[in-house]
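Note that the numbering runs from 1 along the sequence shown for the chain. All values reported here derive from a predicted model rather than from experimental measurement.
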Amino acid sequence: MIRLKINNELELKGFMYEEADELFALINENRTYLREWLPWVDGTISVQDSKAFIDHTVEQMDRNTGLTVGIRENGKLIGIIGYNKLNHANRIGTIGYWLSQQAEGKGVMTKAVQAMISYGFTQLNLNKVEIHAAVKNSKSRRIPEKLGFVYEGTIRDGEWLYHYYVDTVIYGLLKREYK
């Protein structure tokens with residue numbers, strides 16, 4: 001299981017099956033907040049759904065097609081980050097993330113993304129890290145912009161969000177650009 005210590009308070013840690021209750025509770029507490037930008041929230045209606053998600057993350061790690069971890073602050077789960085997709089043929093990883101509303105505004109996600117970038121370039125042998133975000137999701141877009149990613153383009157109607165499409169932007173960071 002992957003475990004990356006960021007500092008004395010923050011760590012990134014792979015999920016264990018027993019953590020499904022904690023994961024579901026976090027999603028449930030933040031349901032309205034998360035639903036604004038995440039299309040899977042309405043489909044997460046029970047602890048069983050969180051167990052299925054954890055199974056999916058374990059399968060991804062076993063197949064080396066993705067890597068999803070919990071963001072923990074002082075041991076408490078406050079969000080998720082991961083390589084939703086690993087394209088080994090082209091050495092590209094696509095990072096996705098979300099954080100509880102209460103944990104926002106403290107630089108947690110910036111630190112978590114930095115840790116995942118470093119892991120991707122040093123341990124996964126990636127050449128490029130991408131982040132995709134809805135055009136109007138300014139909080140999510142601020143992270144790659146702050147970390148020196150390059151805006152690579154906009155995908156029109158890039159994601160279906162419940163009852164409508166949203167345009168998405170793609171940011172990229174190459175290994176040679178990483179500091």
Side-chain angles (χ1 to χ4, degrees), residues 2-57 60 66-85 93-119 129-149 151 158-171:
I2 183 172
R3 193 174 204 148
L4 302 172
K5 191 163 180 67
I6 296 174
N7 59 33
N8 288 337
E9 294 84 34
L10 293 173
E11 78 172 338
L12 306 179
K13 182 178 148 311
F15 283 100
M16 297 184 340
Y17 198 66
E18 310 73 68
E19 296 169 328
D21 288 326
E22 181 183 24
L23 176 58
F24 180 73
L26 183 65
I27 292 166
N28 216 30
E29 290 165 14
N30 289 274
R31 186 170 295 282
T32 302
Y33 174 72
L34 294 174
R35 191 178 190 279
E36 183 177 7
W37 298 114
L38 300 172
W40 50 262
V41 175
D42 284 1
T44 305
I45 55 173
S46 70
V47 172
Q48 193 59 39
D49 296 319
S50 292
K51 287 179 181 176
F53 173 76
I54 290 171
D55 283 341
H56 172 72
T57 67
Q60 274 192 313
L67 172 69
T68 303
V69 294
I71 303 169
R72 294 190 171 273
E73 185 175 44
N74 297 315
K76 181 182 176 190
L77 183 65
I78 59 169
I80 290 180
I81 187 167
Y83 283 101
N84 296 336
K85 187 167 113 182
T94 305
I95 294 178
Y97 45 80
W98 62 265
L99 201 58
S100 69
Q101 188 171 12
Q102 185 179 357
E104 271 196 350
K106 300 186 284 185
V108 169
M109 192 55 76
T110 300
K111 291 172 187 159
V113 171
Q114 285 174 316
M116 288 304 283
I117 292 167
S118 179
Y119 189 85
V129 173
E130 290 183 348
I131 294 177
H132 301 204
V135 167
K136 294 181 180 177
N137 188 344
S138 59
K139 290 177 184 176
S140 190
R141 291 185 63 183
R142 201 171 2 233
I143 305 293
E145 290 169 356
K146 189 184 324 181
L147 294 176
F149 281 65
Y151 166 81
E159 185 173 37
W160 178 253
L161 196 60
Y162 301 104
H163 304 347
Y164 58 93
Y165 284 100
V166 295
D167 295 347
T168 57
V169 293
I170 298 175
Y171 294 95

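- Ion pair Glu19/Arg72 flagged as a salt bridge, since at least one NZ, NE, NH1 or NH2 atom sits closer than 4.0 Å to an Asp/Glu carboxylate oxygen.
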Item to complete: Give the intermediate values and the outcome of side chain to side chain contact (heavy atoms under 4.5 Å, CB included) for residues Ile95 and Glu130.
Response: CA-CA 6 Å; Ile95 294 178; Glu130 290 183 348; over 6 Å; no
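- Using a 4.5 Å heavy-atom threshold, the side chains of Leu77 and Ile71 count as separate.
- Across all non-hydrogen atoms, the minimal contact from Asn84 to Gln60 is O-NE2, 3.1 Å.
- At least one side-chain heavy atom of Leu12 sits less than 4.5 Å from a side-chain heavy atom of Met116.
- In this structure, Leu147 CG and Thr110 OG1 are separated by 5.5 Å, a value rounded to the nearest 0.5 Å.
- Summarising the geometry, atom CG belonging to Leu34 is positioned 11.0 Å from atom CG belonging to Asp42; distances are rounded to the nearest 0.5 Å.
- In terms of heavy-atom proximity, Ser50 sits nearest to Thr44 at OG-CG2, 4.2 Å.
- What you find for Gly79 and Leu26 is that their closest heavy atoms are N-CD2, 3.7 Å.
- More than 12 non-hydrogen atoms from other residues, nucleotides or ligands lie less than 6.0 angstrom from NZ of Lys5.
- Across all their heavy atoms, Ala20 and Val47 have their closest contact at CB-CG1, 4.0 Å.
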Worksheet item: Can you check side chain to side chain contact (heavy atoms under 4.5 Å, CB included) on Thr68 and Tyr83, steps first, answer last?
Response: CA-CA 6 Å; Thr68 303; Tyr83 283 101; over 6 Å; no
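- No side-chain heavy atom of Val166 sits under 4.5 Å from any side-chain heavy atom of Trp160.
- Counting heavy-atom neighbours within 6.0 Å of Gln102 CD, excluding the residue itself, gives a total of 12 or less.
- The 12-atom threshold is exceeded at NZ of Lys13, counting heavy atoms of other residues, nucleotides or ligands nearer than 6.0 Å.
- When every heavy atom of Lys51 is checked against every heavy atom of Tyr17, the shortest pair comes out as CD-OH, 3.4 Å.
- Expressed to the nearest 0.5 Å, how far CH2 of Trp37 lies from OG of Ser140 amounts to 9.5 Å.
- Taking the six-membered ring for Trp and thresholds of 30 and 60 degrees, Trp98 and Trp40 have ring planes inclined between 30 and 60 degrees apart.
- At least one cation-pi condition fails for Arg141 and Tyr171: the charged atom is not both under 6.0 angstrom from the six-membered ring centre and inside a 45 degree cone around its axis.
- Between Val129 and Phe149, the closest side-chain pair of non-hydrogen atoms falls below 4.5 Å.
- The shortest distance between side-chain heavy atoms of Glu29 and Ser100 does not fall below 4.5 Å.
- Arg35 approaches Leu161 most closely through the heavy-atom pair O-CD1, 4.4 Å.
- With Asp49 contributing its side chain and Ile45 its backbone, the two residues share a donor-acceptor pair below 3.5 Å.
- Atoms NZ and CG, on Lys106 and Leu99 in that order, are 8.0 Å from each other to the nearest 0.5 Å.
- To the nearest 0.5 Å, the span separating CD on Glu22 from CE on Met16 amounts to 10.0 Å.
- Side-chain contact between Val108 and Leu10: present, with at least one pair of heavy atoms (C-beta onward) separated by less than 4.5 Å.
- In this structure, NE2 in His132 is found 4.0 Å from CD1 in Ile170, a value given to the nearest 0.5 Å.
- Between Val69 and Ile81, some side-chain heavy-atom pair lies under the 4.5 Å cut-off.
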